[in-house]
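The structure appears below as structure tokens.
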Amino acid sequence: MFSKELRLAVEQAYLRAAAEAGWTAPVPAFAIERPKDAKMGDYAANIALQAAKPLHLAPRQVAERILLHLELSEDFAGAEIAGPGFLNFRLSQAFYPRVIDALLEDATAFLATDCEAGERILLEFVSANPTGPLNVVSARAAAVGDTLGRLLRLAGHDVLTEFYVNDAGRQVEMLARSILARREELLGRPCEIPEDGYHGDYVVELARGFQAQEPGDFEGQPEAERVEAVKAWALRQMEERRLRTLERYGVHFDNFFSEKSFRDRGGTEESVGRLKGHTYEAEGALWLRTTDFGDDKDRVLRKSDGEFTYFAPDIGYHDSKYSRGYTRAIDLLGPDHHGYVARMRAAMEALGHDPGSFEVLLVQWVRFLNHGEVQSMSKRAGEIVTIDELLDDVGTDAARFLFLMRSHDTPLDFDLALAKEESSDNPVYYVQYAHARIASILRQAGEFAARPDYSLLTSPEAEDLLRRLGQLPEEIRDAASHREPHRLTRLAMELAQAFHAFYNRNRVLGVEENLSAARLNLAKATQAAIGQLLWLLGVSAPERM
RNA sequence: GCGCCCGUAGCUCAGUUGGAUAGAGUGCUUGACUACGAAUCAAGAGGUCGCAGGUUCGAAUCCUGCCGGGCGCGCCA
């Protein structure tokens with residue numbers, strides 16, 4: 001929450017120094033950053049290093065001139081020149097009450113302090129085929145997408161989370177035919193599961209369920225109508241199961257977008273029509289000249305048999321994100337889809353959308369381990385295949401936290417044994433324990449002053465904790481703008497670590513009344529911050545464990 | 001062959017638009033509870049940031065080449 005005012009102060013100091021010394025170079029691009037080593041202060045600016053070259057001066061010399069003209073608010077204790085010419089700044093105690101009071105008043109608003117967002121974002125993730133239970137391969141994307149959505153919303157964006165339901169293609173047709181075949185089997189008639197059909201146990205379950213509910217004249221209907229009836233019924237069943245799974249997992253979608261209804265109302269034709277000028281006919285097919293927009297080769301929109309490719313309705317779907325009023329589309333895709341990004345971006349550009357407003361986050365694969373052994377995800381081996389089975393095994397809190405510990409663009413090893421372990425080895429418990437521990441202290445504390453004298457918080461552990469709390473708004477801003485929800489787990493762990501260290505060296509209860517009140521408020525503010533981070537992660541924040 | 005992602009401590013990984021002595025967890029060694037939760041804390045050991053060049057006052061970070069791993073390159077979805 002201080003980097004913004006610091007940047008302004010430094011810029012103004014530079015301008016005053018320039019006016020006095022006759023520098024003609026404008027304010028250079030420079031960074032306000034947090035040094036790794038606390039000995040170097042709380043913030044550092046490299047403006048002198050950046051300005052030295054255009055000014056033909058030594059960096060330290062520039063720094064000295066700037067320092068002369070620097071005017072800082074009372075939140076800062078002062079500034080000094082260090083190393084090759086960094087300006088280092090140290091916070092004063094004056095900011096303590098501002099941070100603690102703000103956190104206690106409204107932790108959400110506090111975390112959003114530095115965010116200046118306000119875009120309309122459509123965030124699409126998971127979008128798994130509706131032909132089976134949600135598979136564990138979607139679990140990571142579900143966790144990342146849901147938390148990213150919460151984070152972007154907290155940052156001030158108008159976010160719609162969306163699940164694209166591929167309910168139109170051959171896949172659901174096959175599901176319906178598979179169910180029908182199983183139904184024949186249940187009735188004791190000879191049958192054959194279609195070659196590309198679905199074989200999971202759930203298909204048998206569905207067949208049984210359908211048979212129990214099927215309308216009386218079902219047998220008399222023509223084949224095509226029967227398939228349609230089963231298809232519609234099966235899609236509703238899968239939707240219910242999907243919603244139950246997602247709810248257990250704490251994942252919320254604002255909208256489920258049906259490919260079928262989009263196609264039925266001519267959405268694909270409309271978007272393809274608007275691509276005119278970028279398309280051509282060749283070999284009986286309709287092609288989109290994506291190479292005009294950076295793709296490797298042109299892509300077919302409509303096959304020579306007159307059917308659209310998968311690409312065409314998908315262009316229409318993405319186009320609809322813009323026509324529905326969103327200015328930015330963010331997709332989470334598996335690494336097997338990365339070849340697809342360039343052509344979709346090309347299509348968006350051809351439609352007149354800013355290609356930069358279409359963002360794709362590739363969520364890399366997860367490898368499941370058990371005590372370090374790689375797990376095959378085969379049903380036959382009795383291993384975990386669905387998200388439900390994963391949640392049965394390790395629970396929502398551990399699953400979400402572990403998925404969000406790593407950057408989404410690196411492959412992840414997920415150790416099932418570790419996830420189940422309720423010990424300090426499991427980072428989710430480490431963070432939750434800090435939250436519960438504070439709850440326990442507050443239960444025992446009784447009444448205490450709401451606005452005590454925070455200048456009593458002088459221990460190194462208290463100061464470290466306060467600095468971390470004060471820096472949260474900047475961290476949140478960066479996590480949101482970089483689309484890196486995994487930073488939240490690190491922040492939560494660091495806060496928990498700072499609190500545990502504080503707790504071990506600073507008695508909160510049973511010390512002098514004013515000191516106790518100051519420490520209690522700090523603990524309570526920390527709890528609010530950890531609670532808010534856990535909420536963003538979709539992990540529960542227990543009062544007791 | 002071409003394209004994208006990745007390569008950091010024994011292991012799993014952080015590392016902010018290039019910044020100061022490269023960090024954390026885990027594992028290993030050692031210490032801390034007759035007062036707030038020991039699911040905790042403190043200390044120590046552990047590194048050729050895949051390799052080689054280049055740009056820069058400064059490179060784990062940017063550029064080039066090479067090595068290694070993953071994924072993709074259909075009128076499939």
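Note that the structure is predicted; figures quoted are calculated from it, not measured.
Regarding A:R483, its CZ atom lies at a distance of 13 Å from the P atom of B:rU17, rounded to whole Å. Taking atom OH of residue A:Y310 and atom P of nucleotide B:rA77, one finds them 9 Å apart after rounding to whole Å. One atom, CD1 of A:I315, and another, P of B:rA77, lie 13 Å apart when rounded to the nearest Å. One can place CG of A:N129 at 12 Å from C1' of B:rC76, the figure rounded to the nearest angstrom. Atom pair A:R437:CZ and B:rA35:P shows a separation of 14 Å (rounding to whole Å applied). Put simply, CG on A:L87 is 17 Å from P on B:rG19, counting in whole angstrom units. Summarising the geometry, the separation between CZ on A:R60 and C1' on B:rG58 is reported as 15 Å, rounded to the nearest angstrom. In this structure, A:N504 atom CG and B:rC33 atom P are separated by 12 Å, rounded to whole Å.
Residue A:A58 is classed as having no contact, given no heavy-atom separation below 4.0 Å to the nucleic acid. At a threshold of 4.0 angstrom between heavy atoms, the contacts of A:A29 with the nucleic acid are absent. Among the heavy atoms of the strands, none lies under 4.0 Å from A:D295. Contacts of A:A82 with the nucleic acid, taken as non-hydrogen atoms under 4.0 Å apart, include base atoms. At a threshold of 4.0 angstrom between heavy atoms, the contacts of A:H338 include nucleobase atoms, whether or not backbone atoms are also involved. Using a 4.0 Å heavy-atom cutoff across all strands shown, A:Q497 reaches sugar-phosphate atoms only and no base atom. If you check every strand for non-hydrogen atoms under 4.0 Å, A:A282 touches a base. Nucleic acid contact for A:R544: base, since at least one base atom lies under 4.0 Å from a heavy atom of the residue. Among the atoms of the strands shown, base atoms are found under 4.0 Å from some heavy atom of A:A31. Contact annotation for A:D298: no contact, since no heavy-atom pair falls under 4.0 Å across all strands. A:L301 comes within contact range of no nucleotide atom at all, as no heavy-atom separation falls under 4.0 Å. Counting any heavy atom pair closer than 4.0 Å across all strands shown, A:R507 reaches a base atom. Using a 4.0 Å heavy-atom distance criterion, A:R302 is classed as making no nucleic acid contact.
Each of B:rC71, B:rA14, B:rC75 was ranked by its minimum atom distance to the side chain of A:P335; first place goes to B:rC71. Closest to the A:D413 side chain, of the nucleotides B:rA42, B:rU16, B:rC13, is B:rC13. Listed nucleotides B:rA39, B:rU17, B:rA14 differ in distance to A:S407; the shortest reach to its side chain belongs to B:rA14. Listed nucleotides: B:rG19, B:rU40, B:rC57. Nearest to the side chain of A:Y430: B:rU40. For A:R406, the listed nucleotide lying nearest its side chain is B:rC13; candidates were B:rC75, B:rA38, B:rC13. Taking only side-chain atoms of A:R505, from C-beta outward, the nucleotide of B:rA42, B:rG15, B:rC57 with the closest atom is B:rA42.
The side-chain ring of A:Y503 is not stacked on the base of B:rC41, judged by centre separation under 5.5 angstrom and plane angle under 30 degrees. The aromatic ring of A:W365 does not stack onto the base of B:rG70, failing the criterion of a centre distance under 5.5 Å from the six-membered base ring together with planes under 30° apart.
Under the 6.0 Å distance and 45° angle rule, A:R7 counts as a cation-pi partner of A:F30. Because its NZ or CZ atom is both nearer than 6.0 Å to the ring centre of A:Y503 and within 45° of the ring axis, A:R437 counts as a cation-pi partner of that residue. Taking the ring centre of A:F308 as origin, the terminal cationic atom of A:R263 falls outside the region bounded by 6.0 Å and 45° from the ring axis.
Between B:rA38 and A:H500, no contact under 4.0 Å exists linking OP1 or OP2 to a side-chain N or O. Remark: A:Q444 is not in phosphate contact with B:rA35, judged by side-chain N or O atoms under 4.0 Å from OP1 or OP2. Using a 4.0 Å cut-off, no side-chain N or O of A:Y429 falls inside it from OP1 or OP2 of B:rG37. Of the side-chain N and O atoms in A:K297, one or more sit less than 4.0 angstrom from OP1 or OP2 of B:rG74. A close approach under 4.0 Å does not occur between any side-chain nitrogen or oxygen of A:R477 and OP1 or OP2 of B:rU16. Considering only side-chain N and O atoms, A:K303 lies under 4.0 angstrom from the phosphate OP1 or OP2 of B:rA77.
Applying the 3.5 Å distance criterion, the base of B:rA77 shares no donor-acceptor pair with the side chain of A:D336. For A:H337 and B:rG72, a side-chain-to-base donor-acceptor distance below 3.5 Å is absent, hydrogens and geometry of angles not being considered. For A:Q50 and B:rG19, a side-chain-to-base donor-acceptor distance below 3.5 Å is present, hydrogens and geometry of angles not being considered. Evaluation of atom-type donor-acceptor distances gives no pair under 3.5 Å for the side chain of A:D296 against the base of B:rG3. In the interface, the side chain of A:T309 is not paired with the base of B:rC75 through any donor and acceptor atom under 3.5 Å apart.
For A:D331 and A:H337, the side-chain atoms include no donor-acceptor pair closer than 3.5 Å. Of the N and O atoms on the side chains of A:Q171 and A:Y198, at least one donor lies less than 3.5 Å from an acceptor on the other residue. A donor-acceptor contact under 3.5 angstrom links the side chains of A:T147 and A:R400, judged on distance only.
Summarising the geometry of A:M405 relative to A:T489, their closest heavy-atom pair is CA-OG1, 3.4 Å, with the distance given to 0.1 Å. Shortest non-hydrogen contact noted between A:K420 and A:V394 is CG-CG1, 3.8 Å.
Using a 4.0 Å cut-off between charged side-chain N and carboxylate O, A:R519 and A:E461 make no salt bridge. Ionic pairing of A:E116 and A:K4 is present here: one or more N-O contacts between side-chain nitrogen and carboxylate oxygen are shorter than 4.0 angstrom.
Nearest-nucleotide assignment on RNA chain B puts the 5′-proximal partner with A:A44, out of A:A496 and A:A44. Heavy-atom nearest nucleotides on RNA chain B were determined for A:N166 and for A:M405, and the one closer to the 5' end corresponds to A:M405.
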Please tabulate, one pair per line, each protein N/O and nucleotide N/O from nucleotides 5-9 of chain B that are separated by under 3.5 Å, including the distance.
residue: B:rC5; atom: O2'; partner: A:D409; partner atom: O; Å: 3.1

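Across all strands shown, B:rG72 pairs with B:rC2; the Watson-Crick or G-U wobble distances both stay below 3.5 Å.
Rounded to a whole angstrom, the distance from the C1' atom of B:rA59 to that of B:rG53 is 13 Å. With both ends at atom P, the span from B:rG23 to B:rG46 equals 14 Å, rounded to whole Å. With P as the reference atom, B:rC57 and B:rC49 are 23 Å apart, rounded to whole Å. Distance check on atom C1': B:rC51 versus B:rG68 gives 11 Å, rounded to whole Å. The same atom, C1', is picked in B:rC6 and in B:rA43; the two are 35 Å apart, to the nearest Å. Spacing between B:rU56 and B:rA24 at atom C1', rounded to whole Å, works out to 30 Å. Using C1' as the reference atom, B:rU21 and B:rU26 are 24 Å apart when rounded to the nearest Å.
Within 6.0 Å of NZ on A:K231 lie more than 12 heavy atoms contributed by other residues, nucleotides or ligands.
Aromatic ring orientation, A:Y280 versus A:W287: parallel (interplanar angle below 30°, classes split at 30° and 60°).
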